[in-house]
Amino acid sequence: MQNTNKKTYKLVVTALLSAIIIVMAFTPLGFLKIGAVEISFLMLPVAIGAVTCGVEVAAFLALLFGVASFIQCFGMSALGVFLMTVSPVFCFITCIVTRLIAGLIAGFTAKLTKKLGVAGYALTGLAAALANTVFFVGAIILFFFRNDAFIAKMTEWGISTENAWLFACAFATTNCLIEAVATAFLTGAVGAALKKAGLIKAE
């Protein structure tokens, strides 16, 4: 009976967080757009899934985030549309595979820090946001940085392409800090509330 309840709980949480990701992905709730740069808060449900249900759920939610991100490359995101015109394959990897990796990192961080309680939840949120930014920007640098069309577009958008480090700083510094702080704080807060409600078992 206990195993059945645990599975039911995991299914309910996964369904709820999946719905939240879909709503956030296709409404202004999930993104803060500053020019071409998009500050995403979609790793928050992933981090919450990690602290409540573990690695598998975090990976699934991150994959869902990646698929939603890839769908936006078909007319909804200026950057995504451009990356798609350069290389659909590399765009797929950048949008989906990097998010899956970030979800796995969030899940394993939650597993390793579960005894820390609220601090562990906050660390999970921080790891999720940082991994998302690092792998996403890293994929862009790896796959697109030397492309002439990419350099021209970034220059048009006022983003430095003098070298990979300056590009990463110009492209990701602001959104990385906002995502990391917000996701860490909110994951910690939501995790604390869920733990108090008995929905996260104390270790």
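The NZ atom of Lys195 sits 8.0 Å away from the CD1 atom of Ile200 when rounded to the nearest 0.5 Å. Atoms OG1 and CD1, from Thr27 and Ile22 in turn, are 11.5 Å apart once rounded to the nearest 0.5 Å. Taken to the nearest 0.5 Å, the CG atom of Leu64 stands 12.0 Å off from the CG atom of Leu100. Atom CE of Met84 and atom OG1 of Thr94 lie 10.5 Å apart (nearest 0.5 Å). With rounding to the nearest 0.5 angstrom, the CG atom of Leu63 is 11.5 Å from the CD1 atom of Ile101. Atom CZ in Phe82 sits 12.0 Å away from atom SG in Cys73 (nearest 0.5 Å).
Take Thr98 and apply the side-chain hydrogen bond (donor to acceptor under 3.5 Å, both in side chains) test, not counting sequence neighbours, and it matches no residue. With sequence neighbours left out, Ala131 forms a side chain to side chain contact (heavy atoms under 4.5 Å, CB included) with Ala102, Ile105, Phe135. For Val12, the side chain to side chain contact (heavy atoms under 4.5 Å, CB included) partners at least two apart in sequence or on another chain are Thr8. In this structure, the side chain to side chain contact (heavy atoms under 4.5 Å, CB included) partners of Leu186, at least two apart in sequence or on a different chain, are Leu44.
When hydrophobic clusters are built by joining Ile, Leu, Val, Met, Phe, Trp and Tyr residues whose side-chain heavy atoms come closer than 4.5 Å, directly or via intermediates, Val190 is grouped together with Phe65. Cluster annotation: Ile20 and Ile71 are assigned to the same hydrophobic cluster (Ile/Leu/Val/Met/Phe/Trp/Tyr, side-chain heavy-atom contacts under 4.5 Å, transitive). Using a 4.5 Å cut-off between side-chain heavy atoms of Ile, Leu, Val, Met, Phe, Trp and Tyr, with links allowed through other members, Leu42 and Phe185 fall into the same hydrophobic cluster. Criterion: ILVMFWY side-chain heavy atoms under 4.5 Å apart, direct or through other members. Under it, Val134 and Phe41 are not part of a common hydrophobic cluster. Linking Ile, Leu, Val, Met, Phe, Trp and Tyr residues whenever their side-chain heavy atoms come within less than 4.5 Å places Val67 and Leu16 in a single cluster.
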Acceptor/donor pairs from residues 86-93 side chains to any protein atom, 3.5 angstrom cut, sequence neighbours excluded:
residue: Ser87; atom: OG; partner: Phe90; partner atom: N; Å: 3.2

Which donor-acceptor pairs under 3.5 Å do side chains of residues 140-151 form with protein atoms, sequence neighbours excluded?
residue: Asn147; atom: OD1; partner: Ala149; partner atom: N; Å: 2.9
residue: Asn147; atom: OD1; partner: Phe150; partner atom: N; Å: 3.0

Only distances under 3.5 Å count here; give the side-chain donor-acceptor pairs of residues 46-62 to other protein atoms, sequence neighbours excluded, each with its distance to 0.1 Å.
residue: Thr52; atom: OG1; partner: Ile48; partner atom: O; Å: 2.8
residue: Thr52; atom: OG1; partner: Gly49; partner atom: O; Å: 3.4

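The two residues Thr183 and Gly125 make their nearest non-hydrogen contact at CG2-O, 3.3 Å.
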Checklist entry - Going through the checks in order, is the side chain to side chain contact (heavy atoms under 4.5 Å, CB included) test met by Phe26 and Met76? => result CA-CA 9 Å; Phe26 297 105; Met76 298 177 65; 3.5 Å; yes
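Residue pairs meeting the side-chain hydrogen bond (donor to acceptor under 3.5 Å, both in side chains) criterion with at least one partner in residues 126-135, sequence neighbours excluded, are Arg99-Asn132, Thr133-Glu179.
Residues Glu156 and Lys153 form a side-chain contact, since some pair of their non-hydrogen atoms from C-beta on lies under 4.5 Å apart.
Within a 6.0 Å radius of CZ in Phe108, other residues, nucleotides and ligands contribute 12 heavy atoms or fewer.
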